[in-house]
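What follows is a set of notes on a single structure, which appears directly below.
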Amino acid sequence: MSGRPVKRSLTLKGHRTSVSLEDEFWRAFREIAQEQDKPINVLAAEIDVERDPETGLASAIRVFVLNWFRNPN
């Protein structure tokens, strides 16, 4: 576990954006997207639409991942 954020590009609403997350969060985020049978970009776009404008996308994704595993479907 490195703990260092890794920057990756996502496409939201046709625009590329970079998001920095730790590898563990990237893996968990991909796992959730796969479980929901959605591309990771679609899941990220859904989170983006729902987040508070003052909350960064990376933080919103981390909270989403945490809540997903805290409250299994």
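Keep in mind that the numbers below use all heavy atoms, side chains included, and drop hydrogens, waters and symmetry copies.
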In this structure, CD1 of Ile40 is separated from CD of Gln34 (nearest 0.5 Å) by 10.5 Å
Interatomic distance, CZ@Phe64 vs CG@Leu43, rounded to 0.5 Å, equals 4.5 Å
Taking everything shown except Asp37 itself, do over 12 heavy atoms lie less than 6.0 Å from its CG? no
Only pairs under 3.5 Å count here: list side-chain donor-acceptor contacts from residues 5-20, not counting sequence neighbours, and write none if there are none.
unit_1 : atom_1 : unit_2 : atom_2 : d
Thr11  : OG1    : Arg16  : NH1    : 2.8

Are side-chain heavy atoms of Phe25 and Ile61 found at a separation under 4.5 Å? no
Checklist entry - Would you say Trp68 and Glu35 make side-chain contact, with heavy atoms under 4.5 Å? => result yes
Closest non-hydrogen atoms of Phe69 and Ala28, given as atom of the first, atom of the second and distance, are CE1-CB, 3.8 Å
Here the pair of heavy atoms bringing Ala60 nearest to Ile47 is CB-CG2, 3.8 Å
